[in-house]
Amino acid sequence: MSDLICYSHLRWQFVFQRPQHLMVRAAGSRRVWYVEEPVIEAGTAWLRRTSGGEGVTVCTPVLPPGLDPEASRRAIRGLLGRLARSEAIERPVAWLYTPLMLPLVDAVEPCAVVYDCMDELSAFRDAPVELLFQERALFATAHLVFTGGYSLYQAKRGYHARVHLFPSSVDVGHFARARAPRHLVEPADLAGLARPRLGWIGVIDERMDLPLLAEVTRLRPAWSWILVGPTVKIDPARVPDAPNIHKLGPRAYDALPAYLAHWDVAVMPFALNEATRFISPTKTPEYLAAGLPVVSTPVRDVVRAYGKRGLVEIADTPRAFVEACERALAERASGDRGRQVRADASLAESSWDSTWAEMDRLLNEVSEPVSDERAAP
């Protein structure tokens with residue numbers, strides 16, 4: 001079975017999400033190297049290798065300052081070529097999360113190229129202008145394209161002959177631990193916070209509706225609003241400050257069930273903009289697996305997969321958002337488990353294990369034996 005080299009714009013240690021879930025499962029049957037974006041340090045170029053756990057080797061190119069983009073690419077290609085020779089990596093699978101790393105791929109002479117499109121990166125703040133051109137080149141090169149949500153699938157399926165929809169999955173067992181709060185010690189930074197507690201776990205960036213957050217927290221000053229996750233690409237000063245907003249910063253994936261166990265409602269105050277037009281938030285099934293009621297703004301994939309089925313409350317204004325939270329709190333207080341039973345039935349249809357198993361099956365079709373099949377650009 002072919003080795004796998006994953007090229008990602010996301011740091012392995014940043015937030016445990018789709019790439020990490022899939023790569024640790026890939027490492028169950030393949031050697032896996034996870035190539036991050038470079039860091040700049042004085043000295044000569046070298047490849048830092050660390051363990052990502054569970055069989056994944058994280059590779060971080062370390063480059064000297066002052067290199068232009070082309071020189072940086074040449075240096076990284078050289079480092080990856082030496083990695084392939086030293087580790088006897090022959091014709092691996094190249095798995096990409098960003099089209100911008102496509103120029104690095106042929107340094108390892110892959111047997112197959114996979115584009116796992118988890119976001120519309122071109123819509124993000126400060127996206128490079130060449131990203132769309134590189135994506136078209138990736139479509140022309142890839143053997144397989146996977147998408148992380150239905151809206152992305154609709155947007156990408158016309159560019160390649162083999163585009164497959166794989167929405168965000170969930171490790172139900174991990175998050176279901178939150179349903180037994182007495183077995184999980186309450187985190188110290190939650191202790192003493194007033195109830196009800198309404199929380200968010202995830203990156204805080206241009207995808208969060210900060211004006212909505214400011215208004216809902218003003219409307220319900222007695223509620224504790226908890227934000228767990230890093231703030232990136234925006235000025236932290238833009239994130240609302242109030243006595244009832246508690247910014248806890250990032251927490252390890254293993255610690256998340258303990259936080260969820262001591263919340264009352266999970267919230268997803270996403271902005272409705274170009275950056276969220278195609279998202280399919282992984283946190284939605286994670287919150288449901290934790291047994292929490294969920295309130296979200298009307299992100300298309302959330303409405304389609306969860307809102308229309310009555311699994312998530314949808315609200316499009318601050319007043320409606322607060323009212324939806326009140327309904328969620330009333331449901332929780334009443335002990336009504338109808339929504340949770342329906343959510344559990346939905347979650348049973350999807351897991352990261354089953355997602356990887358199907359991806360792996362498709363991958364084997366194009367990589368073993370070696371296939372020259374390509375889609376038209």
What is the minimum heavy-atom distance between [X] and [Y], and which atoms define it?
X: Ser168; Y: Pro285; value: O-CG, 4.3 Å
X: Phe166; Y: Arg18; value: O-NH1, 2.8 Å
X: Thr297; Y: Phe270; value: OG1-O, 2.7 Å
X: Val24; Y: Gly53; value: CG1-O, 4.4 Å
X: Tyr97; Y: Pro19; value: OH-CA, 3.5 Å
X: Leu288; Y: Leu347; value: C-CD1, 3.9 Å

[X] [atom1]: over 12 foreign heavy atoms closer than 6.0 Å:
X: Glu109; atom1: CD; result: no
X: Lys308; atom1: NZ; result: no
X: Arg319; atom1: CZ; result: no
X: Arg182; atom1: CZ; result: no
X: Glu87; atom1: CD; result: yes
X: Tyr253; atom1: OH; result: yes
X: Glu90; atom1: CD; result: no

Path from [X] to [Y] over hydrophobic side-chain contacts below 4.5 Å:
X: Trp223; Y: Leu248; result: yes
X: Leu362; Y: Met23; result: yes
X: Leu102; Y: Leu131; result: no
X: Leu292; Y: Val172; result: yes
X: Phe278; Y: Leu100; result: no

How about [X] and [Y]: do any of their side-chain heavy atoms sit closer than 4.5 Å?
X: Arg162; Y: His160; value: yes
X: Thr355; Y: Leu22; value: yes
X: Ile245; Y: Leu227; value: yes
X: Ser169; Y: Ser351; value: no
X: Arg220; Y: Leu198; value: no
X: Val93; Y: Val114; value: yes
X: Ile234; Y: Val239; value: yes
X: Ser2; Y: Arg30; value: yes

Derivation of the salt bridge (Lys or Arg N to Asp or Glu O under 4.0 Å) call for Glu331 and Arg327: CA-CA 6 Å; Glu331 172 197 305; Arg327 289 193 297 272; over 6 Å; no

Under a 3.5 Å cutoff, is there a donor and acceptor pairing between the side chains of [X] and [Y]?
X: Gln17; Y: Thr282; result: no
X: Asn244; Y: Thr217; result: no
X: Tyr150; Y: Arg304; result: no

If you round to the nearest 0.5 Å, how far is [atom2] of [Y] from [atom1] of [X]?
X: Asp116; Y: Ser8; atom1: CG; atom2: OG; answer: 9.5 Å
X: Glu206; Y: Arg238; atom1: CD; atom2: CZ; answer: 9.0 Å
X: Tyr259; Y: Leu184; atom1: OH; atom2: CG; answer: 12.0 Å
X: Asp119; Y: Ile279; atom1: CG; atom2: CD1; answer: 8.0 Å
X: Asp209; Y: Phe321; atom1: CG; atom2: CZ; answer: 9.0 Å
X: Leu213; Y: Met208; atom1: CG; atom2: CE; answer: 6.0 Å

Can [X] and [Y] be counted as an ion pair, charged N to O under 4.0 angstrom?
X: Arg11; Y: Glu37; value: no
X: Arg179; Y: Asp344; value: yes
X: Arg25; Y: Glu54; value: no
X: Asp106; Y: Arg77; value: yes
X: Glu186; Y: Arg197; value: yes
X: Lys283; Y: Glu286; value: no
X: Asp301; Y: Arg277; value: no

Ser72 side-chain N/O to Asp68 backbone N/O, donor-acceptor pair under 3.5 Å: yes

Stepwise side-chain contact (heavy atoms from CB on, under 4.5 Å) test for Leu4 and Arg31: CA-CA 6 Å; Leu4 190 153; Arg31 293 192 299 172; over 6 Å; no

Derivation and outcome, side-chain contact (heavy atoms from CB on, under 4.5 Å), residues Arg332 and Val265: CA-CA 9 Å; Arg332 191 168 175 85; Val265 176; 5.6 Å; no

Full working for salt bridge (Lys or Arg N to Asp or Glu O under 4.0 Å) between Arg339 and Glu313: CA-CA 11 Å; Arg339 178 199 53 80; Glu313 289 272 358; over 6 Å; no

Aromatic plane relationship, Phe146 with Trp95 - under 30° parallel, 30 to 60° tilted, over 60° perpendicular: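 Tilted, since the angle between the ring planes falls between 30° and 60°.
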
Full working for ring-ring contact (aromatic ring centres under 6.0 Å, His included) between Tyr115 and Phe139: CA-CA 8 Å; Tyr115 178 26; Phe139 282 133; 5.8 Å; yes

Lys247 NZ/CZ over Trp225 ring centroid, <6.0 Å and within 45° of normal: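 No, a cation-pi geometry is absent between Lys247 and Trp225.
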
Ring center gap for Phe16 and His21 short of 6.0 angstrom: yes

Audit row: Val32, Thr57, side-chain contact (heavy atoms from CB on, under 4.5 Å) steps and yes/no: CA-CA 6 Å; Val32 174; Thr57 299; over 6 Å; no

Tyr159/Glu135 under side-chain hydrogen bond (donor to acceptor under 3.5 Å, both in side chains): CA gap, chis, key distance, verdict: CA-CA 10 Å; Tyr159 294 108; Glu135 185 177 66; over 6 Å; no

From CA spacing to verdict: side-chain contact (heavy atoms from CB on, under 4.5 Å), Arg49, Leu83: CA-CA 10 Å; Arg49 293 191 237 175; Leu83 170 71; 3.5 Å; yes

Check against side-chain hydrogen bond (donor to acceptor under 3.5 Å, both in side chains), Ser346 and Arg309: CA-CA 10 Å; Ser346 174; Arg309 299 161 68 187; 3.3 Å; yes

